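Here is the structure we will look at.
Both ligands and their constituent atoms are indexed starting at 1 by order of listing. Everything quoted here is computed from the prediction, not taken from an experiment. Just so you know, these numbers use all the heavy atoms, side chains as well, and skip hydrogens, waters and symmetry mates.
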Amino acid sequence: MDMTIRPRRLRYGETLRKMVRETRMDPSSLIYPIFVREGSGITEEIPTMPGQYRYSVDTMGEKLQSLTDAGISQVIFFGIPDHKDEVGSGAYDADGIVQRALRRAKQDFPELYRITDVCMCEYTSHGHCGVLCGEDVDNDRTVELLAKTALSHVEAGADMVAPSDMMDGRVAAIRTALDANGYINTPILAYAVKYASAFYGPFRDAAGSAPAFGDRKSYQMDYHNSREGVKEALLDVQEGADLVMVKPAMSYLDMVTKIKEAVQVPVAAYSVSGEYSMIKAAAAAGYIEEDKIICETTVSAFRAGCDIYLTYFAEEIAGYMRDGRIG
Ligand code: PBG
């Protein structure tokens with residue numbers, strides 16, 4: 001055959017394939033979500049997320065150490081309190097679970113970059129992401145409490161705060177609260193494009209944060225919408241978000257690409273609990289090869305354009321990057 005251009009030419013041999021890779025990543029762009037709970041001496045496997053654990057403050061160091069050893073020095077903390085109430089007071093308690101975890105992490109792992117999820121669903125007795133007015137989440141009152149929560153995280157040692165509640169105006173309120181207290185250089189990673197998704201199922205089990213009634217559709221986005229995601233991201237940037245996130249990742253990579261074009265700040269993608277658990281379950285059943293699927297899903301998120309990837313597989317992925325399988 002007379003053919004000048006043969007795309008296969010660039011696919012012969014691992015060296016050449018690596019040379020022409022378009023997507024490059026390294027462990028510095030991975031963030032590991034860690035669950036911390038009350039109590040002591042606890043390392044409790046999460047039934048719906050095999051291989052993931054809830055740690056008490058005194059045991060989380062084991063995981064932080066293995067992450068650091070794997071080259072991952074950035075984590076996002078999720079708190080699981082013992083006490084829940086109508087107004088989620090545990091979220092902004094100076095001695096709350098996340099606040100104590102932060103102080104301990106700062107003391108034992110000073111090099112660790114500590115991010116916190118700012119939300120109320122783990123702390124409210126009704127499981128919604130804010131305070132209620134009747135059956136509705138009261139946006140403006142919730143925003144005040146979110147700002148209070150973010151500030152208390154930063155006072156306890158958070159390097160970055162990540163509001164995940166999807167209330168309107170929370171980024172501006174958090175920025176104002178942080179600035180007013182002198183934390184002008186603490187960045188905000190906004191969960192800007194967060195969909196109402198069944199992919200969060202295992203997380204809600206892990207954190208005991210499923211809503212007691214109704215759903216989150218009046219604050220999290222309808223997954224039929226794409227332009228609305230751009231609107232949310234632009235608004236958050238306008239309000240002062242330093243980075244924005246798309247969540248979930250796998251079924252929303254179109255949004256990652258779109259947001260990357262629309263904003264001039266770093267874009268994160270969160271591969272959520274359901275994505276993790278589906279891979280774990282299918283691999284355990286022998287239907288797929290876990291390591292290969294992890295590599296493929298990770299690269300696809302970066303190929304779509306994310307700069308940062310939040311994933312429960314962070315440690316495994318760092319290993320695959322180190323081995324040169326991906327990266
Ligand atoms: C808190 C929050 C959730 C997740 C991150 N922050 C749960 C939710 O919105 O219901 C989900 C993370 C995951 O599924 O891994 N609002």
* Got a sec, which residues hit side chain to side chain donor-acceptor pair (under 3.5 Å) with Glu316, two or more places apart in sequence or on another chain? -> none

* To do: Using the side-chain contact (heavy atoms from CB on, under 4.5 Å) rule, take Ser209 and Phe203 through it: C-alpha gap first, then chi angles, then the decisive distance, then the call.
  => CA-CA 8 Å; Ser209 63; Phe203 173 96; 3.7 Å; yes

Which donor-acceptor pairs under 3.5 Å do side chains of residues 69-81 form with protein atoms, sequence neighbours excluded?
from, atom 1, to, atom 2, distance (Å)
Asp69, OD1, Gln65, NE2, 3.0
Gln74, NE2, Pro27, O, 3.1
Gln74, NE2, Leu30, O, 2.8

Dump all N/O pairs between ligand 1 and the protein below 3.5 Å as a table: atom names plus distance, one pair per row.
from, atom 1, to, atom 2, distance (Å)
ligand 1, 6 (N), Asp117, OD1, 3.3
ligand 1, 6 (N), Lys247, NZ, 3.3
ligand 1, 9 (O), Lys194, NZ, 2.7
ligand 1, 9 (O), Gln220, NE2, 2.9
ligand 1, 10 (O), Arg204, NE, 2.6
ligand 1, 10 (O), Arg204, NH2, 2.8
ligand 1, 10 (O), Arg216, NE, 3.1
ligand 1, 10 (O), Arg216, NH2, 3.4
ligand 1, 14 (O), Ser273, N, 3.2
ligand 1, 14 (O), Ser273, OG, 2.7
ligand 1, 15 (O), Ser273, N, 2.7
ligand 1, 15 (O), Tyr312, OH, 2.5
ligand 1, 16 (N), Ser164, OG, 3.4
ligand 1, 16 (N), Lys194, NZ, 3.1

* Between Tyr55 and Phe35, ring centroids under 6.0 Å -> no

Side-chain donor/acceptor pairs under 3.5 Å, residues 255-264, sequence neighbours excluded:
from, atom 1, to, atom 2, distance (Å)
Thr257, OG1, Leu253, O, 3.2
Thr257, OG1, Ala304, O, 2.8
Lys258, NZ, Ser226, OG, 2.8
Lys260, NZ, Gly305, O, 2.8
Lys260, NZ, Asp307, OD1, 3.1

* Please report the closest heavy-atom contact between Val265 and Ala241, naming both atoms and the distance. => CG1-O, 4.2 Å

